2 protein chains.
Amino acid sequence: MNTAPPSGSTPVSASEPAPAAPRWLSDDQQRVWRSYLHATTLLEDHLDRQLQRDAGMPHMYYGLLVKLAESPRRRLRMTELAMDAKITRSRLSHAVARLEKNGWLRREDCPSDKRGQFAVLTDEGQEVLRGTAPGHVAAVRQALFDRLTPEQQKSLGEIMQIVAEGLQPNEAGADLPWLR
Amino acid sequence: MNTAPPSGSTPVSASEPAPAAPRWLSDDQQRVWRSYLHATTLLEDHLDRQLQRDAGMPHMYYGLLVKLAESPRRRLRMTELAMDAKITRSRLSHAVARLEKNGWLRREDCPSDKRGQFAVLTDEGQEVLRGTAPGHVAAVRQALFDRLTPEQQKSLGEIMQIVAEGLQPNEAGADLPWLR
DNA sequence: GGGCACTCCTTGAAGTTTGAACAATCAAGC
DNA sequence: GCTTGATTGTTCAAACTTCAAGGAGTGCCC
């Protein structure tokens, strides 16, 4: 939402520390971008409400429990969990504090590194997942997969893969296309 | 993030007020879903930081200013703005209060409906947009469009259109003359 | 062993979002 | 006019996120 030249405007003054003449998006690209913003905010809101209602937590917190459930001894180091979930350690600390208060996970000291903490999914947390996963999957199917052809699903996967790789802090593809 | 059957588990008990046997996502669909979550959270974070740094406001607030800039007299009724932006009226009230404090928009009473308020973009707000739009567009291009082929862009647009329509409270293409 | 830079995670305050409740106004019917 | 029900936008409190410190521990080098 920001992609159109200031309506009825002249270009930005040419005498600034200019990033050269701005290249606006084409009309088609603007439509795509607006659709993207619409769809992603609506979907995230939808899933947040669904999970808040059925599981008593926001989508992100649910994702943390899922990641723990999929991990070896249902546990992950804080930093690893944060990286997996693409959130800051600070945010994770707050989230884990809340989930711990709910009894859905607990912290454990790391024996080999006294600074370290494990987040461990409790049986109770596991149970919450077991009970709410079907409803959540249904919501995702209904909002997304049931509406897309197999080709579209495949295409969506490829596109999102590309975007994610491009934004990854480090990741393979990084050469030096842009400075910052 | 929630789409895999509880790992190493038996299906949910069949004796509940059951929503029938849950249909999990296929492996391919799970990969797509995870990519989707990765990409969308990374992109939203990226743009939020970019705008917070360069414009001093989060992405959503920026979107509000853009919508006002594109509107007839740079103004929109609160409710209409909220619907356009897909946010609640409450959230909009807070956002507008903050943006008003910044001097980037102001409120005006609606003459025909004493309950109503207009949000009006100020010159100062317009100026902020003019100054930060190029950088924001560049960020969007760099993160998204520059990485996708024209076919992928088209496909993404179609997919997001479908998803958005599916989640829209009502809104179809063709009627409701009272809107707009 | 004493610095020194770094990592791991937490904390507190400020900012944002949510959901429920609310006063004011409108609109329609009687 | 009066009542009822919906709409408009705001407010409060609680929850969540961000950002800037900060305490503790580790690794390394001399």
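Lettering follows sequence order; numbering is per chain, from 1. Given the structure is predicted, the values throughout are model-derived calculations rather than measurements.
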With the threshold set at 4.0 Å, does a side-chain nitrogen-carboxylate oxygen contact exist between A/D123 and A/R74? yes
For a side chain to side chain donor-acceptor pair (under 3.5 Å) with A/K154, tell me which candidate from A/Q152, A/E151, A/E158 qualifies. A/E158
Scan for side-chain hydrogen bond (donor to acceptor under 3.5 Å, both in side chains) pairs involving residues 96-108 of chain B, sequence neighbours excluded, and state none if there are none. B/R75-B/E108, B/E100-B/R107, B/R106-B/E108
Main-chain N/O of B/F145 paired to B/Q153 side chain as donor or acceptor, under 3.5 Å: yes
Closer to the 5' end of DNA chain C via nearest nucleotide, is it A/R115 or A/D45? A/R115
May I ask you to say what A/F118 touches in the nucleic acid, namely base, sugar-phosphate or nothing, with a heavy-atom cut-off under 4.0 Å? nothing
Need two values: the first and the last nucleotide of DNA chain D, 5' to 3', having an atom under 4.0 Å from any heavy-atom of chain B. D/dT7 to D/dC19
Near DNA chain D, which residues from residues 90-106 of chain A have a heavy atom under 4.0 Å away? A/S90, A/R91, A/H94, A/R98
Look only at the side chain of B/Q29 and the backbone of B/S26, and say whether a donor-acceptor pair between them is shorter than 3.5 Å. yes
Bounded by its outermost nucleotides with an atom under 4.0 Å from a heavy atom of chain B, the footprint on DNA chain C reads C/dT16 to C/dC26
Closest-nucleotide mapping onto DNA chain C: is B/M57 or A/Q52 further toward the 5' terminus? I mean the 5' end. B/M57
Report yes if some heavy atom in the side chain of A/D113 is under 4.5 Å from a heavy atom in the side chain of A/R77; otherwise report no. yes
Checking all strands, does B/D113 fall into the base, sugar-phosphate, or nothing category for heavy-atom contacts under 4.0 angstrom? sugar-phosphate
Residue pairs passing the salt bridge (Lys or Arg N to Asp or Glu O under 4.0 Å) test with at least one member in residues 24-33 of chain A, sequence neighbours excluded, are A/D28-A/R31
Checking A/F118 now: which residues fulfil ring pair (Phe, Tyr, Trp, His ring centres under 6.0 Å) with it, not counting sequence neighbours? none
Output yes when A/E70 and A/K67 qualify as a salt bridge under the 4.0 Å nitrogen-oxygen rule, no when they do not. no
Which sits closer to the 5' end of DNA chain D, A/M60 or A/S112, going by the nucleotide each is nearest to? A/M60
Quick one: does any side-chain atom of B/T122 pair with a main-chain N or O of B/G103 as donor and acceptor, under 3.5 Å? yes
Are side-chain N/O atoms of B/S155 and A/S155 paired as donor and acceptor at under 3.5 Å? yes
Between B/R49 and A/K114, which residue's closest nucleotide on DNA chain D lies nearer the 5′ terminus? B/R49
